[in-house]
Every structure is written in C-alpha cells, then in structure tokens.
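The residues of the chain are indexed from 1 along the displayed sequence. Any value given below was found using the heavy atoms of this structure, including those in side chains, with hydrogens, waters and symmetry copies removed.
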Amino acid sequence: MNNPTVCVIIPYYNGSKYIERSANSVLAQTIAPNEFLVVDDGSSIEESEKLKYISEKLGFKVLRKENGGQGSARNFGVENTTSDFISFLDQDDFYLKNHIEILLSGIEKNDPHFGWVYADLAEADEDGNIIRWENITHHSRHPKRFISDLIGSDMHILPSASLINRVAFKSVGGFDPQFTGYEDDDLFLRMFRKGYKNYFIDQAVTVWCINNNSTSYSIKMSRSRLKYFKKLVRFFPDEPDKSRYYIKDLIFNRFNSQIIGEAFRSVCVSNTPQSKKMSQHKSELIDIANQYTKIMLNNKYLPLKIKIKIFLQKELINTRSKCILTFCYFVYRKILK
C-alpha cells in the first residue's frame, strides 16, 4: 500500500473525566488519522450528554450502542470504519504526538503476512504524570515469534500501542466479547495462529495511565482470567508425542499465582485498598480458584509434586480449621514452595 489509511477507535463508557484528553491526543497527531470514531458503549444519559458536548466542541464522530463491553465496542467501531489499519485507544490513556507516524513507519509493506506492528508505552499515573518511559520491554521479549511467548505469560501487547491490519483483524472475527480482560491477548494469539506476523518498535508511542478503578483491578478481570484460562486449556491440549505439555510448562506457570493469589488475599485481608475491595468478592474468588484447581488436578500429565502443591493451595484457601491450615501452610512453605 503506497498510502495506507488509518482509523482510530476509542471505546467509551462513562468516561467523561478522561475523554477530552484522549480525543485531543488523536487530533494532535503529526499524521492525522483518516477516520476517528468514539463508540459510546451504553453510558448513562448524563455521561452520553457530556460526550456529545465534547465531541461537538472538538469535532469528532460518536456512535452509540447498547452496553456490551470494551471488546464489543471495539468490534462495533471496526464495523463502522473502512481504513486499511486500525488503531485503538482506551478512554483513560492518550497518544504521544507521533503515535501514528511511528507505527506507520513499522509496516512491512513487502510482507504479505503482515498482521500488526506495536510499540512500547510510557507509564503514568491517573493524571498523566509520567512514571517511566519503558514498560513492556521491561516485562517480556518482543516481537512475538514463538507460541510459548503468547501462552506462557502476559503478552504485554496493547491495542493502544498497535496498528492492526484490518484483513488480519477481520479474519479472526475481531475481539471475543466474552472477555472483560485478556481480550487483547486472545486477539493477538488468534491472529498469530492464523499466520499473521508481528513487528515491534522499541519506542513509546502511547501513555498508559494507571487507574486503580479500571477493569484491570476489578472482579471483572478475575472472572475473565478464568474464562481465558479455560479457553487456553481447551485449545492447547497436551501433545505428549511431540513433547509439548502446554498446561504444565506454560499455562500453570502463568495463571497459578494469579488465581490462587487473589483468592488467598481475599481470605487474608490486608490494609491495602485493593485487598479490601477484592475481599468483598471472597466467595466468588474462592470459587474461581476451586474451578481452576479441579481442571489442573484432572490433567494426567501434571507432575505429582505440582498436584500436591495445588491441592495444598486449595486447602489453604478453603479450610477453616486452624490446625489443618497451619499444617498445610508449613508443608507448602517448607517442602513445595
């Protein structure tokens, strides 16, 4: 493509506090997008009116739909745009001024299997004050070339720092709307499996603002984590003939501490605001941990030591007997940790 076109899509849900900042960052790009659309995902009447006022003041398009979650809103936005490449932005984040320009430079025009190009993010507090200029390179390696990199740990690929080939996006059906967390990893994994390649630019293009009230720090993420765990187990069964043990080598290492840890912290509440908030969902978090445990213990290729560890973790979370709790904790810490 000699002159590739780009659309920017922002899913919006009761986000009037942030939307003017994110919209302005799109409008201030060194290379303007060909299309700019904000999708109101069933916000309250008051919040929708605020969005309407801001859109009229700044001059961007808004479409409204019934609430279906961020993945659903993004899919809706794609269906109502036509550009060659798609760039998403979360309502509480914002682009650096050369976001589109940098990502466009990373398109491999001679690669017929080009799926997406992505870059690093700067991390900031809720008000946009920068904390660090490197984020994803600190946590994992890039670009993604092996399936183990996509299954065994969080990918650290954000749609807000990516430029996605529309053909690749459409070929996998877009985001899976069942997820309210992990929908990004799920999308990029499916495009990877479909045969689309990814490229990485080691430079921040987006500012990711940490908001403690976001989905990433809520029970919605915990629910979605279990759904994604189950989807990975279903789609990546162990292949002993090829010595590929996805569950024990990759999936266990990725999810065990997250799922069990959240349940344990809901039982042993600390003084942190996050711990107190999650303790309100103690029963559900314990149920999530129990569902995870049942699936793992039923895997015939999981080593006995790991099964014992998982069983003891379950007992630590579920038991009300101080004697049993003390014994399980001792064995877990001294023998298996």
Q.
Can a donor-acceptor pair be found, under 3.5 Å and without considering hydrogens, that links the side chain of Glu20 to the backbone of Leu51?
A. no

**Q.** side-chain contact (heavy atoms from CB on, under 4.5 Å) between Leu226 and Phe255, worked out
**A.** CA-CA 9 Å; Leu226 179 65; Phe255 291 103; over 6 Å; no

Q: Using atom types as modelled and distance alone, determine if a side-chain donor or acceptor of Asp184 lies under 3.5 Å from a backbone N or O of Leu158.
A: no

**Q.** Chi angles and distances behind the side-chain contact (heavy atoms from CB on, under 4.5 Å) call for Arg132, His138
**A.** CA-CA 11 Å; Arg132 59 179 172 179; His138 177 72; 3.5 Å; yes

Q: Using modelled atom types only, decide if a donor and an acceptor are shared between the side chain of Asn198 and the backbone of Val117 within a distance under 3.5 Å.
A: no

Q: Give a yes or no on whether a salt bridge exists between Asp90 and Arg74, defined as a side-chain N under 4.0 angstrom from a carboxylate O.
A: yes

Q. Can you tell me if Tyr292 and Asn256 form a side-chain donor-acceptor pair at under 3.5 Å?
A. yes

Q) Measuring from Ile157:CD1 to His142:NE2, what's the distance to the nearest 0.5 Å? A) 7.0 Å

(Q) Checking His156 against Ser140 for the side-chain contact (heavy atoms from CB on, under 4.5 Å) test, could you report, in this order, the C-alpha distance in whole Å, the side-chain angles of both residues, the deciding distance, and whether it holds? (A) CA-CA 7 Å; His156 300 107; Ser140 55; 3.1 Å; yes

Q: For the residue pair Lys307 and Phe311, establish whether any side-chain heavy-atom pair is separated by less than 4.5 Å.
A: no

Q) Without hydrogens or angle criteria, can the side chains of Asp120 and Thr137 be said to hold a donor-acceptor pair below 3.5 Å? A) yes

(Q) Quick check: closest heavy atoms across Gly42 and Tyr13, and the distance to 0.1 Å? (A) O-CE1, 3.6 Å

**Q.** Minimum heavy-atom distance Tyr118-Ser162, with the two atoms named
**A.** CB-OG, 3.4 Å

Q: Using a 4.5 Å cut-off on heavy atoms from C-beta on, say whether the side chain of Tyr12 contacts that of Asp41.
A: no

Q) When hydrophobic residues are tied together by side-chain contacts of less than 4.5 Å, even through go-betweens, does Leu27 share a cluster with Ile102? A) yes

Q) Between Glu47 and Lys17, is there a salt bridge with N-O shorter than 4.0 Å? A) no

(Q) Looking at Glu35 and Val8, would you say the former's side chain and the latter's main chain have a donor-acceptor pair under 3.5 Å? (A) no

Q: Measure the spacing between CD of Gln91 and OG of Ser22 and express it to the nearest 0.5 Å.
A: 7.0 Å

Q. Mind checking whether Val233 and Ile251 have side chains closer than 4.5 Å, heavy atoms only?
A. yes

Q: Please determine which of Asp111, Leu103, Ile107 meets the side-chain contact (heavy atoms from CB on, under 4.5 Å) test together with Tyr199.
A: Asp111

Q | Minimum heavy-atom distance between Asp176 and Lys231, given as atom pair plus value | A | OD2-NZ, 2.9 Å

Q. Taking a hydrophobic cluster as the set of Ile, Leu, Val, Met, Phe, Trp and Tyr residues connected by side-chain heavy atoms closer than 4.5 Å, whether directly or through intermediates, do Val39 and Phe169 fall within one such cluster?
A. yes

Q: Scan side-chain atoms only and decide if Asp40 and Ser48 contain a donor-acceptor pair under the 3.5 Å cut-off.
A: yes

Q | Short side-chain to backbone donor-acceptor contact, Ser224 and Met221, under 3.5 Å | A | no

Q) Under the side-chain contact (heavy atoms from CB on, under 4.5 Å) criterion, do Trp208 and Phe94 qualify, and how do the steps go? A) CA-CA 7 Å; Trp208 179 41; Phe94 59 95; over 6 Å; no

Q) In terms of side-chain heavy atoms, does Arg166 have a donor or acceptor partner in Thr81 at a distance below 3.5 Å? A) yes

Q. So, do Tyr53 and Lys57 sit near enough that their side-chain heavy atoms are less than 4.5 Å apart?
A. yes

Q) Given Trp116 and Phe188, is the ring-ring contact (aromatic ring centres under 6.0 Å, His included) satisfied, shown in steps? A) CA-CA 9 Å; Trp116 73 96; Phe188 292 120; 4.9 Å; yes

Q) Can you check whether Phe179 reaches Gln70 side chain to side chain, under 4.5 Å on heavy atoms? A) no

Q) Any donor and acceptor pair, going by atom type alone, linking the side chain of Asp185 with main-chain N or O of Met155 inside 3.5 Å? A) yes

Q: Report yes or no: do Tyr95 and Ser87 form a side-chain donor-acceptor pair below 3.5 Å?
A: yes

Q) What about Leu187 and Phe192, same hydrophobic cluster or not, with Ile/Leu/Val/Met/Phe/Trp/Tyr joined at side-chain heavy-atom distances under 4.5 Å? A) yes

Q | Distance-minimising heavy-atom pair for Tyr246 and Pro237 | A | CD1-O, 3.3 Å

Q.
Donor-acceptor check, side chain of Asn253 to backbone of Asp249, threshold 3.5 angstrom: yes or no?
A. yes

Q) So which of Arg254, Lys144, Arg141 actually passes salt bridge (charged side-chain N to carboxylate O under 4.0 Å, His left out) with Asp149? A) Arg141

Q) With sequence neighbours left out, what residues match Glu108 under salt bridge (charged side-chain N to carboxylate O under 4.0 Å, His left out)? A) none

Q. Is the backbone N or O of Ile201 less than 3.5 Å from a side-chain atom of Gln203, with the two atoms forming a donor-acceptor pair by type?
A. no

(Q) Using side-chain heavy atoms (C-beta onward) and a distance below 4.5 Å, is Gln258 in contact with Asp154? (A) yes

Q) Only one of Asn318, Ile260, Ile259 forms a side-chain contact (heavy atoms from CB on, under 4.5 Å) with Gln313, so which one is it? A) Ile260

Q.
Taking Ser160's backbone N and O only, do any of them form a donor-acceptor pair with His99's side chain (distance below 3.5 Å, no angle check)?
A. yes

(Q) Starting from Met296, can I reach Ile306 by hopping between I/L/V/M/F/W/Y residues whose side chains sit under 4.5 Å apart? (A) yes

Q) So, Ser72 versus Lys65: side-chain donor-acceptor pair below 3.5 Å or not? A) yes

Q: Using modelled atom types only, decide if a donor and an acceptor are shared between the side chain of Asn299 and the backbone of Ile295 within a distance under 3.5 Å.
A: no

Q: Answer yes if Ile130 and Ile210 sit in the same cluster of Ile, Leu, Val, Met, Phe, Trp and Tyr residues linked by side chain heavy atoms under 4.5 Å apart, and no otherwise.
A: no

Q.
Are Phe252 and Ile310 packed together at the side-chain level, in the sense that at least one heavy-atom pair is separated by less than 4.5 angstrom?
A. yes

Q) Relative to the ring of Tyr228, is the ring of Tyr182 parallel (under 30°), tilted (30 to 60°) or perpendicular (over 60°)? A) parallel

Q: Provide the closest heavy-atom pair for Ser25 versus Leu89 in the form atom of the first, atom of the second, distance.
A: OG-CD2, 3.9 Å

(Q) With rounding to the nearest 0.5 angstrom, report the OG to CD distance, Ser266 to Glu284. (A) 10.5 Å

Q: Would you tell me whether Glu79 and Asn75 have side-chain atoms, one donor and one acceptor, within less than 3.5 Å of each other?
A: no

Q) Does any non-hydrogen side-chain atom of Ile9 lie less than 4.5 Å from one of Val78? A) yes

Q.
Taking CD in Glu101 as the centre, count heavy atoms belonging to other residues, nucleotides or ligands within less than 6.0 Å. Is the count above 12?
A. yes

Q: Identify the heavy atoms of Asn34 and Pro4 that sit nearest to each other, and give their distance.
A: OD1-O, 4.3 Å

